[in-house]
Amino acid sequence: MQGYTVFPGQRITIQAVDQNTGNLVTRGTAISATSGFPAQTPGGTNYSIYPWSFDAGVLPANFWSPQSIVADLATSQGHLELFASADGNNFYTFSPAAWNSVVLSGEDPVTAGVQYSDGKSTVLFDQSGVGSSHGSLWVRVQGMISDSHSPYYSPVAWSVGYYTVEGGKKIYGLICAPTTGGHHTNGGLAIKETFNRFAEQSFDRQPSCDGLQINCAAG
């Protein structure tokens with residue numbers, strides 16, 4: 001983690017949420033630099049900002065998902081939340097997109113920071129599941145181009161594929177993408193109908209009860 005403060009030599013406390021209890025646990029502290037960079041507010045007030053950084057390292061599993069509630073939750077998709085604070089006040093945080101807005105704004109760091117911050121905690125996700133390795137690369141099984149038969153709408157490309165996760169389990173998915181650039185819209189029912197036909201023609205089978213049929217539970 002890294003950031004800045006308006007005070008030299010300030011102690012910043014780093015805390016993480018324990019997913020077992022919901023409580024904040026202190027992971028360490030950082031000290032801001034004693035030499036800073038000059039800045040000026042729109043009103044002409046001069047000040048300096050002082051950088052700081054903290055190496056959080058590899059955090060234990062209980063900071064990513066509950067480990068003592070239900071067994072399945074222990075290896076569920078992870079959700080890590082970190083806070084940086086000084087004197088009891090949590091710092092503003094920035095996603096890469098939010099920080100890019102700060103840089104491009106041309107405003108001083110404090111003014112832009114308040115305006116473009118997207119929260120007061122840093123949140124990270126482990127989509128593969130806690131303790132699990134990343135899934136394999138996407139493998140395309142079958143594909144087709146669907147013509148809209150309209151002078152106003154472009155064709156779309158459909159493909160079915162999968163990626164492999166722990167234990168060799170294959171996760172299948174449907175990808176719908178435009179074949180050209182520009183603005184595109186599509187609707188849920190149209191996608192479902194097209195996929196149903198695609199599954200029947202390409203795999204010689206009816207879609208199963210996975211949400212593709214409205215009356216699936218009854219049939």
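Model, not experiment: these values are computed from the prediction. Nothing fancy with the numbering, it's 1 onward along the sequence.
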Would a distance-only check, ignoring hydrogens and angles, find a side-chain to backbone donor-acceptor pair under 3.5 Å from Thr13 to Thr29? no
Return yes if some donor-acceptor pair links the side-chain N/O of Ser117 with the main-chain N/O of Val114 below 3.5 Å, else return no. no
Looking at Ser121, is its backbone amide N or carbonyl O close enough to the side chain of Thr93 to form a donor-acceptor pair, meaning the two atoms are under 3.5 Å apart? yes
Using every non-hydrogen atom in the two residues, find where Glu107 and Gln115 come nearest and quote the distance to one decimal. OE1-OE1, 3.0 Å
Do you know which two heavy atoms are closest between Ile175 and Trp138, and how far apart they sit? CG1-CZ2, 3.8 Å
d(Gln15 CD, Asn90 CG) to nearest 0.5 Å is 7.5 Å
Among side-chain atoms of Gln10 and Ser32, is any donor-acceptor pair under 3.5 angstrom? no
Less than 3.5 Å apart, any donor N or O on the side chain of Asp18 or Asn62 sitting next to an acceptor on the other? yes
What are the two closest non-hydrogen atoms of Tyr50 and Ser35, and how far apart are they? CD2-C, 3.6 Å
About how many Å separate OG1 of Thr122 and CZ of Phe83, when rounded to the nearest 0.5 Å? 9.0 Å
Nearest 0.5 Å please: distance from the CD1 atom of Ile49 over to the CZ atom of Phe37. 7.0 Å
Main chain of Gly28, side chain of Thr26: is a donor-acceptor contact present, judged purely on distance under 3.5 Å? no
Going by heavy atoms in the side chains, are Phe54 and Ile12 under 4.5 Å from each other? no
Is the closest side-chain donor-acceptor distance between Gln40 and Asn46 under 3.5 Å? yes
Val102 versus Pro109: any side-chain heavy-atom pair under 4.5 Å? no
Is there a path of hydrophobic side-chain contacts, each under 4.5 Å between heavy atoms of I/L/V/M/F/W/Y residues, joining Leu24 to Leu82? no
Looking at Trp64 and Phe125, what are the two nearest heavy atoms and their distance? CZ3-C, 4.1 Å
Given side chains that start at C-beta, do those of Lys120 and Phe91 come closer than 4.5 Å, heavy atoms only? no
Under a 4.5 Å cut-off applied to non-hydrogen side-chain atoms, are Val25 and Phe63 in contact? yes
So which atom in Ser159 and which in Arg140 form the shortest heavy-atom distance, rounded to 0.1 Å? CB-CD, 3.6 Å
Lys170 side, atom NZ; Tyr163 side, atom OH - distance, nearest 0.5 Å: 14.0 Å
Within 6.0 angstrom of Tyr47 OH, more than 12 heavy atoms from elsewhere: yes
Calculate, to the nearest 0.5 Å, the distance between atoms CE and CG belonging to Met1 and Asp55 respectively. 11.5 Å
Closest non-hydrogen contact found for Ser95 with Asp118 is OG-OD2, 2.6 Å
When rounded to the nearest 0.5 Å, the distance separating OG of Ser53 from CD1 of Ile31 is 11.0 Å
Applying a strict under-4.5 Å side-chain criterion to I, L, V, M, F, W and Y, I'd like to know whether Tyr92 and Val123 cluster together. no
